[in-house]
Every structure is written in structure tokens, then in C-alpha cells.
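Chain letters run A, B, ... following the sequence lines, proteins first, then strands; residues in each count from 1. Owing to the predicted nature of the structure, the values given are computational and were not obtained by experimental measurement.
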Amino acid sequence: DGGITQSPKYLFRKEGQNVTLSCEQNLNHDAMYWYRQDPGQGLRLIYYSQIVNDFQKGDIAEGYSVSREKKESFPLTVTSAQKNPTAFYLCASSIKGAEETQYFGPGTRLLVL
Amino acid sequence: QKEVEQDPGPLSVPEGAIVSLNCTYSNSAFQYFMWYRQYSRKGPELLMYTYSSGNKEDGRFTAQVDKSSKYISLFIRDSQPSDSATYLCAMRMNYGGSQGNLIFGKGTKLSVKP
């Protein structure tokens with residue numbers, strides 16, 4: 001089955017700790033995205049990558065970092081500099097240039113202890 | 001002024017009703033218009049997208065775009081309890097790079113009662 005997987009489903013972060021969210025896809029898509037969703041809010045773009053070894057900041061990149069070493073993988077690190085990290089994080093992928101057809105993973109819910 | 005406006009609801013309808021969900025937008029350069037369905041605590045699922053103006057139908061779902069009014073709609077016929085979810089509209093310009101990124105509405109929560 002082709003699709004996007006995210007792990008873990010729930011993640012707890014302590015103060016001052018960096019945590020990494022995993023995103024893997026087997027759709028052979030070049031482009032991958034990270035979004036943040038807060039209650040009652042639309043999705044906001046954190047980072048995106050259209051090709052391996054290249055990525056761009058989205059609207060709310062501060063306090064986050066990413067890497068794109070493999071086509072299939074686009075991990076997101078929430079650093080200690082992100083002061084309000086509690087949210088639902090969604091990873092998506094698409095064919096490059098076809099951003100209108102993004103496929104989403106099941107999401108990771110990040111909570112602060 | 002927000003780029004994409006969407007009434008958050010909640011919207012409650014009886015089973016079998018016709019549901020109308022809507023978004024308005026301010027950027028006349030938007031060319032692609034998407035509707036996503038999101039069940040509670042799940043990732044969004046793309047229902048359909050439309051390029052420029054016009055209608056598109058897929059089973060019980062019909063998407064309409066009126067670019068002159070900057071208004072898009074999603075109609076659900078013969079609504080079912082399984083349609084209960086949050087519906088997100090999204091839009092993008094027909095450009096590459098950051099200008100082609102999706103802009104989302106906040107979503108409308110729909111409840112279909114048996």
C-alpha cells in the first residue's frame with residue numbers, strides 16, 4: 001500500500017528538549033511538506049522540500065528544523081526555541097509542481113510536559 | 001483581512017439533507033481550489049480540486065467556483081452520518097515555489113445526525 005506514515009502518534013516534550021517527528025512516504029513523490037494545526041485554525045506551513053537535499057522555510061519556520069537526505073523521508077525537529085510547540089503536526093507529499101494534490105499522513109500530536 | 005475565510009460552524013444537519021459548505025477569498029490570483037475532509041484526530045483527505053472557475057462533480061460531492069465573487073462551495077447530497085467531519089478549503093496560485101503553496105481555511109465542522 002502506498003502512503004505516508006508519521007511516527008510517533010503522540011509525543012511528549014520536556015522543557016528545553018529537542019524532539020524529532022518522523023515522516024516517510026512510498027508514493028515516489030518529490031515534494032514533501034510539514035504543517036502545524038492548532039485548534040480552530042487552518043493548516044500553517046512550516047517547511048517544504050521539492051527535491052532531495054533542498055528545503056525552504058514556510059510561514060512559521062522559527063523554532064523548527066528539517067532535513068531531506070532521502071526522497072522518502074522528511075523529518076521535522078521541534079527545537080527548544082519553539083516556545084509554543086503543542087499542536088497537531090501533519091506531513092504531506094505531492095508530485096513536484098502539483099501542490100494542489102497533496103496527500104497527508106495521519107499526524108503526530110505533540111504535547112509539552 | 002484574512003486571505004481565506006471559512007465559517008467554523010458547527011453545522012448540524014439530519015441524514016439525507018443537502019449540505020452546503022463555503023469559503024470566500026481575497027486573492028484574485030488563486031487558480032486552484034481544493035476541498036479536504038478531516039476526521040477527528042486524523043490527517044486531511046483530498047476530496048476534490050477545481051482549476052479556475054466552474055463545477056466539478058464526484059459522486060455525492062459537487063464543488064463550485066465563482067471567481068467573479070471570490071466564492072467557492074462544496075455541496076454534499078444525501079448526507080450520511082459518515083460525512084461527519086471537518087471540511088477544509090484550500091487554494092493556491094498557479095506559480096512555482098513559495099507562491100504556489102496552499103492557503104487553508106480554518107475548516108467547517110459538520111455533524112450529520114441519523
Cluster overlap B:Val112 with B:Tyr87, hydrophobic side-chain contacts below 4.5 Å: yes
Sorted by number, residues from residues 78-92 of chain A in contact with chain B (heavy atoms, under 4.5 Å): A:Phe88, A:Leu90
Residues from residues 46-71 of chain B approaching chain A under 4.5 Å (heavy atoms): B:Leu46, B:Tyr49
Under 4.5 Å from any heavy atom of chain A - which part of B:Gln38: side chain
ILVMFWY network linking B:Leu11 to B:Trp35, side-chain heavy atoms under 4.5 angstrom: yes
Chain B neighbours within residues 95-113 of chain A, where any heavy atom lies under 4.5 Å away: A:Gly97, A:Glu99, A:Glu100, A:Thr101, A:Gln102, A:Phe104, A:Gly105, A:Pro106, A:Arg109
Connected via hydrophobic side-chain network under 4.5 Å: B:Ile103 and B:Phe33: yes
Linked, directly or transitively: A:Ile4 and B:Tyr36 (ILVMFWY side chains, under 4.5 Å): no
Residues of residues 35-55 of chain A contacting chain B, heavy-atom criterion under 4.5 Å, by residue number: A:Tyr35, A:Gln37, A:Gly40, A:Gln41, A:Gly42, A:Leu43, A:Leu45, A:Tyr48, A:Gln50
Single-linkage hydrophobic cluster, 4.5 Å side-chain cutoff, B:Leu88 and B:Met34 together: yes
Atom NZ of B:Lys42 with >12 non-hydrogen neighbours under 6.0 angstrom: no
B:Pro8 versus chain A, the contacting section by heavy-atom distance below 4.5 Å: neither
